[in-house]
Protein chains: 2
Amino acid sequence: MSTRAAPFDELDRKIVAALMENARASFNEIGATIGLSGTAVKRRVDRLCANGVITGFTATVRPSALGWRTEAFVEVYCDSAAPPRRMGEVVRNYPEIVAAMTVTGGADALLHVRAADVQHFEEVLERIRAEPFVRKTISHLVLSHLQTMGSEAGAGRPASGNAAHHR
Amino acid sequence: MSTRAAPFDELDRKIVAALMENARASFNEIGATIGLSGTAVKRRVDRLCANGVITGFTATVRPSALGWRTEAFVEVYCDSAAPPRRMGEVVRNYPEIVAAMTVTGGADALLHVRAADVQHFEEVLERIRAEPFVRKTISHLVLSHLQTMGSEAGAGRPASGNAAHHR
DNA sequence: TATGAAAATAGCTGAAT
DNA sequence: ATTCAGCTATTTTCATA
């Protein structure tokens with residue numbers, strides 16, 4: 001857990017923020033903006049990766065450019081005895097399911113689905129509904145994004161943050 | 001009419017896939033795995049960025065490491081006359097809202113919310129519910145992720161894939 | 001335990017082919 | 001698309017506080 005040895009200070013926060021804004025920025029460049037040498041920045045990035053704070057670096061892509069033009073969230077209601085673990089295994093077989101989680105509220109699970117178009121989505125949905133432990137589904141097709149920002153889960157700390165310790 | 005502008009061939013697909021897996025990979029490294037020179041890879045990446053296929057490069061972070069330990073999806077039901085645009089403006093004032101979209105189904109909008117803890121989430125939810133045009137909300141707290149994969153919205157092409165307009 | 005400076009290696013990028 | 005050349009960045013080593 002996080003009680004030990006995670007001196008996540010202000011400099012780390014700024015480095016993470018810089019890398020979230022541009023993961024291909026050079027260490028020297030990042031260092032220049034936060035007042036550190038490139039060497040020091042690299043060391044801290046290496047440590048943040050080793051600690052699991054940074055889990056990777058990825059290109060963000062406009063899904064429609066790759067032909068994924070339809071997006072939906074699907075609430076899944078399971079048979080009462082269906083373990084979430086089963087869901088996890090099944091979900092792995094659907095390349096269209098980009099995220100899946102168990103949730104509170106009416107449904108047992110929520111699926112984030114991408115498909116080429118509504119026909120494709122309908123086909124995927126039929127396959128999901130045919131899974132043995134699925135009792136019913138409620139779909140929410142995404143019409144438009146109100147927030148296209150890249151600031152997802154921002155690098156700022158939460159308002160009532162019990163996050164960052166320091167020395 | 002396939003000669004112009006954005007062919008997006010198999011090599012581009014592989015480059016995008018490589019950058020989604022590791023956005024800090026060197027051009028030479030990517031080139032080596034797909035049989036191309038680093039220079040050629042760079043030119044293609046530049047073009048993919050200019051075309052808007054690639055929209056950026058970002059570090060992926062474990063939210064809990066930054067103190068965001070609670071996650072939820074909130075269905076928002078609006079007053080009948082509330083334009084989605086209003087939602088967009090409001091949403092911008094909540095750093096806790098990491099994504100917002102209009103959707104079909106019962107609700108008018110779906111919000112992806114991150115908070116430090118459930119207390120923080122409750123506070124955010126109360127603020128959202130106090131917005132003038134919000135009639136009711138249904139919250140789904142995320143319990144666990146069934147798919148922690150980094151393969152979100154995969155670089156593979158959809159089954160019936162036709163891709164790539166731009167500008 | 002941290003940093004910064006220097007040196008060697010590796011990568012980036014433009015021009016020519 | 002490749003090769004080459006000049007420049008920049010990364011990464012290791014070493015010295016310092």
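Computation of the quantities below employed the complete heavy-atom set of this structure, encompassing side-chain atoms and omitting hydrogens, waters and symmetry-equivalent molecules. Convention: sequence-line order gives letters A, B, ...; per-chain numbering from 1.
Under the salt bridge (Lys or Arg N to Asp or Glu O under 4.0 Å) criterion, A:E71 pairs with A:R114, not counting sequence neighbours. Under the ring-ring contact (aromatic ring centres under 6.0 Å, His included) criterion, A:F57 pairs with no residue, sequence neighbours left out. Under the salt bridge (Lys or Arg N to Asp or Glu O under 4.0 Å) criterion, B:E10 pairs with B:R13, not counting sequence neighbours. Partners of B:D79 by salt bridge (Lys or Arg N to Asp or Glu O under 4.0 Å), not counting sequence neighbours: none found. When the salt bridge (Lys or Arg N to Asp or Glu O under 4.0 Å) test is applied to A:K14, no partner is found at least two apart in sequence or on another chain.
Per the geometry, CZ belonging to A:F27 stands 19 Å off P belonging to D:dT8, to the nearest Å. Rounded to an integer number of Å, the gap from A:D46 CG to D:dT11 P is 7 Å. Look at NZ on B:K42: it is 18 Å from P on D:dC7, rounded to the nearest Å. Counting to the nearest Å, the P atom of C:dT13 and the CD1 atom of B:I30 are 12 Å from each other.
If you check C:dC12, D:dT10, C:dA2 against the side chain of B:R24, the one that comes closest is D:dT10.
Overall bending of the helix from C:dT1-D:dA17 to C:dT17-D:dA1, expressed as the angle between end axes built from five pairs apiece, is 30° (10° steps).
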Donor-acceptor pairs under 3.5 Å, side chain of residues 31-41 of chain A to any protein atom, not counting sequence neighbours: which ones?
{"unit_1": "A:T33", "atom_1": "OG1", "unit_2": "A:I30", "atom_2": "O", "d": "2.9"}
{"unit_1": "A:S37", "atom_1": "OG", "unit_2": "A:A40", "atom_2": "N", "d": "3.2"}

Give each protein N/O atom lying under 3.5 Å from an N/O atom of nucleotides 1-3 of chain D, with the pair distance.
{"unit_1": "D:dA1", "atom_1": "OP1", "unit_2": "B:R44", "atom_2": "NH2", "d": "3.1"}
{"unit_1": "D:dA1", "atom_1": "N7", "unit_2": "B:R43", "atom_2": "NH2", "d": "3.2"}
{"unit_1": "D:dT2", "atom_1": "OP2", "unit_2": "B:S37", "atom_2": "N", "d": "3.0"}
{"unit_1": "D:dT2", "atom_1": "OP2", "unit_2": "B:S37", "atom_2": "OG", "d": "2.9"}

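Using a 4.0 Å heavy-atom distance criterion, B:N28 is classed as a sugar-phosphate-only contact.
Residue pairs meeting the side-chain hydrogen bond (donor to acceptor under 3.5 Å, both in side chains) criterion with at least one member in residues 135-144 of chain B, sequence neighbours excluded, are A:T102-B:S144, B:E75-B:H140, B:R129-B:T137.
Annotation: cation-pi pair A:R62/B:F8 absent, no NZ/CZ under 6.0 Å from the ring centroid and within 45° of its normal.
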